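First up is the structure itself, then whatever we jot down about it.
Order of appearance sets the numbers: ligands from 1, and atoms from 1 within every ligand. Bear in mind that the values here come from a model prediction, so they are computed numbers and not experimental data.
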Amino acid sequence: MSDRTAADASGAVTAPPAVRVQGLWKRFGEQTAVAGIDLELPAGKFIGLVGPNGAGKTTTLSMVTGLLRPDHGTIEVGGRDVWRDPVDVKARIGVLPEGLRLFERLSGRELLAYTGRLRGLPGAEVDKRATQLLDVLDLAGAQHKLVVDYSTGMRKKIGLAAALLHNPEVLFLDEPFEGVDPVSAQTIRRVLERYTGSGATVAFSSHVMELVESLCDWVAVMANGTIRAQGTLSEVRGSASSLQNAFLELVGAGGRDTGESLDWLGGTR
Ligand code: ATP
């Protein structure tokens, strides 16, 4: 399957990519998690990174955000090398990692105050931004509750608030909608749409094709540590009727035939 790279149909000069990845590799012992991928994520877009379980999405996002050192390859965010210039790059990005570890014994508001000060923002500005984020994300009522007592969805939302507090150029989110109820998902979605509307870039991983199809301008499909396609939603969808069908075709999984192997399931008890 060829790599369908994003192209500007009008031929106009496009902005430099928000993220450029070249020849990125990561192995864990015998297991190759990421096998020499190239990626160019356009700036100002809502980008979806999709792929089956174990495709290498989390490993890729961890390397791109400076959390996991690659074996080989280069990663640039806004033209700066993530691994040569980590402090500068980290000031420009926000991250909501998988299995987010938070300071559990702080309240939601204290967590934002702490994050804001770590980011070097003045106290009054942190207070103002925290109040607005807590309000927009429906966490104002729980702002004084300890994070340890937050539900899964509340944790995602406070993690998102912490990732947005310093107004990063690029926001990376690993499965931001997993375990989130539809009302909170809609809230997160509105906040992210507003954020990309201002010219910022969001890159997130997901398994939910309908969500990616309705939210993203640009998609990369990953399987077995390789990029199977990348480009605008319509380029990646190609002639398939939906992103879901294109995805199944690209990852070569029309659904595993259970054949005879589960012949006991649903049989007489
Ligand atoms: P999922 O959608 O299930 O979260 P993913 O696309 O995020 O999957 P990764 O978590 O990046 O996939 O994993 C890619 C491969 O690398 C898998 O085979 C996984 O078992 C392996 N892997 C990831 N992290 C480690 C690790 N720390 N040690 C050993 N193997 C790992």
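Given atom 4 (O) of ligand 1, the protein heavy atom at minimum distance is Glu98 OE2, 3.7 Å. From the protein, the heavy atom lying nearest to atom 16 (O) of ligand 1 is Ala33 CB, 3.3 Å. Protein heavy atom closest to atom 23 (C) of ligand 1, with residue, atom name and distance, is Phe28 CE1, 3.5 Å.
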For Glu169 and Thr201: C-alpha separation, side-chain torsions, deciding distance, then whether side chain to side chain contact (heavy atoms under 4.5 Å, CB included) applies. CA-CA 6 Å; Glu169 286 166 33; Thr201 310; over 6 Å; no
Mind running side chain to side chain contact (heavy atoms under 4.5 Å, CB included) on Lys156 and Phe177 for me, showing each step along the way? CA-CA 8 Å; Lys156 288 259 158 133; Phe177 297 97; over 6 Å; no
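Protein heavy atoms come within 4.0 Å of atom 30 (N) of ligand 1. Less than 4.0 angstrom separates atom 19 (C) of ligand 1 from none of the non-hydrogen atoms of the protein.
Exactly one of Val95, Thr58, Thr60, Leu49 qualifies for a side chain to side chain contact (heavy atoms under 4.5 Å, CB included) with Asp174. That residue is Thr58.
An N or O contact shorter than 3.5 Å links Gly54 to ligand 1 by distance. For the pair Gln31 and ligand 1, the shortest N or O to N or O distance falls below 3.5 Å.
Of all atoms in ligand 1, listed by their number and element, those nearer than 4.0 Å to a heavy atom of Asn53 are 1 (P), 2 (O), 3 (O), 8 (O). Under a 4.0 Å criterion applied to the non-hydrogen atoms of Ala55, ligand 1 contributes the atoms 5 (P), 6 (O), 12 (O). Atoms of ligand 1 lying under 4.0 Å from any heavy atom of Thr58, numbered from 1 in the order shown and given with element: 5 (P), 7 (O), 10 (O), 11 (O).
Of the listed options Ser205, Gly51, Ser206, Gly56, Gly56 places a heavy atom closest to atom 12 (O) of ligand 1. Remark: among candidates Leu49, Asn224, Thr59, Thr60, the nearest residue to atom 13 (O) of ligand 1 is Thr59, based on non-hydrogen atoms.
Thr115 has its side chain out of reach of Val126: every pair of non-hydrogen atoms, C-beta onward, lies at least 4.5 Å apart. Side chains of Ile227 and Asp38 form no contact here, defined as non-hydrogen atoms less than 4.5 Å apart. Residues Arg194 and Val136 are not in side-chain contact: their nearest non-hydrogen atoms beyond the backbone lie 4.5 Å or more apart.
With no hydrogens or angles considered, no side-chain donor-acceptor pair links Thr232 and Arg237 at under 3.5 Å.
Residues Leu67 and Phe28 share a single hydrophobic cluster, defined by chaining ILVMFWY side chains whose heavy atoms lie under 4.5 Å apart.
Taking 4.0 Å as the cut-off between side-chain N and carboxylate O, Glu125 and Lys128 count as a salt-bridged pair.
Every heavy atom of Lys26 sits 4.0 Å or more from the atoms of ligand 1.
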